[in-house]
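Worksheet for the structure shown next.
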Amino acid sequence: MNFDWTREEAELASKVSAVFGAECVSQLEALEHADLDEMRRTTLSFLKKLPGTGYLGLALGPKAKGEIMTLIAGQERLAVRSNSLFLAVESSARLFGGLLRGFGNPQALGQILDPLARGETIAAVAVSEPEERDSPAAALTYGVARGDGFLVTGKKSYMTNGPIADWIAVTGEIQGSPAVFLVRGDQRGVHVGPRLSTVGYNGIAVSALDLDKAEVPGSHVMGPFEDRRHLDFLATMQDLVLTMASVGLIERTVAFSKNYAQSHVRGGKQIVKYQEVRFKLADMLTLSHSSKLLAYRAGWLLSVGDPEAATVLRCAKVFSSEAAEQTAIMAMQIMAGAGYVSGNPVERAYRDAKLAALGGTTSEVARMAIAADQLRRYQVQAHGSH
């Protein structure tokens with residue numbers, strides 16, 4: 001693997017950076033305190049700037065895996081600018097758009113994917129079932145045939161962009177087989193819950209979803225499927241997005257900490273001149289580069305279809321999410337009391353960092369899968385050596 005960006009990858013990164021230049025800082029900062037109307041306007045305003053870069057159409061669906069490294073080059077630049085906007089854009093374009101491009105009906109592609117590619121539509125994906133249900137099937141989302149379509153009933157706990165989304169992809173079942181239903185956020189039978197108050201990522205809108213016999217035409221149903229390939233694709237892309245969110249968060253925190261240490265004085269000398277602070281800055285930069293390289297490695301393996309890709313991606317997600325937490329803690333220590341006051345970038349990084357360990361494949365589940373794959377490979381190698 002060559003760790004240098006190709007010309008195409010570097011050009012995309014440059015175009016994405018240009019969209020989110022210095023003049024956009026105040027808008028991106030305002031997202032953290034925006035109400036839903038302002039959040040929707042701001043998200044759409046940036047989405048409409050992205051089609052010209054080619055970013056929104058990259059790596060949509062399993063057949064476009066060869067574009068993943070180019071995508072990562074752009075993801076890193078966007079995640080550095082704003083983690084909240086990054087998750088909002090990726091949930092709409094990469095998760096919803098990728099699911100639709102890879103598994104959707106041609107009619108739905110024209111009606112929904114085209115406006116999405118132009119940055120005119122915000123979308124969400126609803127996967128997680130409520131944890132408080134009495135049994136695994138108690139709150140299952142399912143569709144019952146009616147005419148040429150289905151009536152869909154069920155509940156989902158969390159969906160990014162939910163309160164501001166035009167379209168929502170809802171995972172569920174049809175007669176016991178996996179399926180995905182495309183519903184509008186404002187249609188009858190679709191009840192988007194109020195915006196949830198979260199510890200971090202205040203610049204995105206997260207909510208629950210309740211479906212009560214929502215009518216979905218057959219053209220807006222993906223499946224029923226014989227396997228879980230669509231869910232595997234969705235899980236992979238979600239883990240990649242959260243990994244790159246951590247990479248961007250770390251890079252931004254390192255840059256802020258270095259500038260703060262160079263521009264502030266404590267005990268009569270620049271903070272950066274204290275050996276303990278220099279050690280922290282060195283450790284932070286080491287974590288930043290290590291996270292990037294592991295993420296790049298995972299992306300490259302995904303792009304070439306390597307069988308070890310899923311395991312390396314889980315490694316990258318676990319490492320980068322925990323590195324983001326460690327970096328935020330060290331940055332807060334460098335700032336001392338000022339870092340403990342709400343409203344500064346380090347305090348926000350401290351709150352945001354935890355999401356990547358909880359979202360997608362949790363760190364605990366990822367570790368179990370990594371170990372299982374490692375043991376399986378060891379057994380195969382050991383067996384082959386006799």
Side-chain angles (χ1 to χ4, degrees), residues 12 15-16 19-20 31 36-37 39-65 67-68 70-72 74-75 78-79 82 84-127 156 159-171 179-187 190 192 203-207 209 214 216-223 230-231 233-234 236-238 240-241 244-245:
L12 178 74
K15 289 178 181 178
V16 172
V19 167
F20 302 94
L31 265 178
L36 291 178
D37 288 339
M39 187 175 292
R40 178 175 166 81
R41 286 195 302 270
T42 301
T43 301
L44 279 173
S45 71
F46 282 109
L47 278 171
K48 290 176 182 177
K49 295 178 181 180
L50 284 169
T53 68
Y55 180 78
L56 292 182
L58 284 169
L60 299 185
K63 293 182 180 179
K65 63 184 180 183
E67 300 172 350
I68 285 180
T70 306
L71 169 66
I72 285 176
Q75 284 181 325
L78 176 50
S82 170
S84 290
L85 183 65
F86 173 71
L87 283 194
V89 169
E90 289 298 296
S91 295
S92 185
R94 219 69 50 205
L95 302 187
F96 181 96
L99 196 61
L100 187 55
R101 171 65 73 186
F103 305 95
N105 180 290
Q107 183 176 337
L109 288 175
Q111 180 183 358
I112 305 173
L113 197 59
D114 288 349
L116 197 72
R118 295 193 296 269
E120 300 170 354
T121 297
I122 299 175
V125 176
V127 178
K156 298 293 181 180
M159 56 175 180
T160 299
N161 290 345
I164 63 172
D166 300 293
W167 287 96
I168 304 169
V170 186
T171 61
V180 179
F181 307 97
L182 303 179
V183 301
R184 291 195 63 89
D186 59 356
Q187 78 176 66
V190 175
V192 177
I204 58 174
V206 180
S207 69
L209 177 69
V216 181
S219 61
H220 287 50
V221 176
M222 292 179 255
H230 64 299
L231 295 176
F233 164 78
L234 196 58
T236 296
M237 295 309 296
Q238 188 173 30
L240 178 63
V241 167
M244 294 311 299

Using a 4.5 Å cut-off on heavy atoms from C-beta on, say whether the side chain of Q238 contacts that of F233. no
Would you say the side chain of L60 lies within less than 4.5 Å of the side chain of L58, judging by non-hydrogen atoms? no
Looking at every non-hydrogen atom in both residues, tell me the closest pair between A214 and V190 and how far apart they are. CB-CG2, 3.8 Å
Counting only N and O atoms by type, is there a donor-acceptor contact under 3.5 Å from the side chain of N161 to the main-chain atoms of A123? yes
Taking all non-hydrogen atoms of both residues, which atom of L182 and which atom of I112 are closest, and how far apart? CD1-CD1, 3.9 Å
Okay, side chain of S92, backbone of V89: is any donor-acceptor separation there less than 3.5 Å? no
Look at the aromatic rings of W167 and H220 and report parallel, tilted or perpendicular, splitting at 30° and 60°. tilted
Would you please test M159 and V206 for side-chain contact (heavy atoms from CB on, under 4.5 Å) and show each step? CA-CA 5 Å; M159 56 175 180; V206 180; over 6 Å; no
Mind listing the closest non-hydrogen atom pair of M237 and A59 along with its distance? CE-O, 4.2 Å
So, taking the atom named NZ in K156 and the one named CG in L209, what distance separates them when rounded to the nearest 0.5 Å? 8.5 Å
Just wondering, do F181 and I168 contact through their side chains at under 4.5 Å, heavy atoms? no
Do L231 and T171 come within less than 4.5 Å of each other through their side chains, counting heavy atoms only? yes
Heavy-atom check, side chain of M222 versus side chain of N105, under 4.5 Å: no
Within 45° of the axis and under 6.0 Å from the centre of the six-membered ring of F96, does NZ or CZ of R101 qualify? no
With distance as the sole test, does Q187 use its side chain to make a donor-acceptor pair with the main-chain N or O of R184 at under 3.5 Å? yes
Do V180 and H230 touch side chain to side chain, with heavy atoms closer than 4.5 Å? yes
Please report the interatomic distance CG(L87) to OG1(T43), rounded to the nearest 0.5 Å. 11.0 Å
So, for P163 and S207, which heavy atoms are closest and what is the spacing to 0.1 Å? CD-OG, 3.4 Å
Taking the side chain as everything from C-beta on, heavy atoms only, tell me whether L85 gets closer than 4.5 Å to F20. yes
Taking all non-hydrogen atoms of both residues, which atom of G74 and which atom of V16 are closest, and how far apart? O-CG1, 3.8 Å
Separation of Y55 OH from Q75 CD (nearest 0.5 Å): 4.5 Å
Find the distance between CG (L109) and CZ (F103) and round it off to the nearest 0.5 Å. 12.0 Å
Donor-acceptor under 3.5 Å (K48 side chain, G119 main chain): no
Could you state the interatomic distance from CG (L36) to CD1 (I164), rounded to the nearest 0.5 Å? 7.5 Å
Measuring from atom OG1 of T160 to atom CD1 of I122, what distance do you get when rounded to the nearest 0.5 angstrom? 12.5 Å
Would you call L95 and E90 a side-chain contact if the rule is heavy atoms closer than 4.5 Å? no
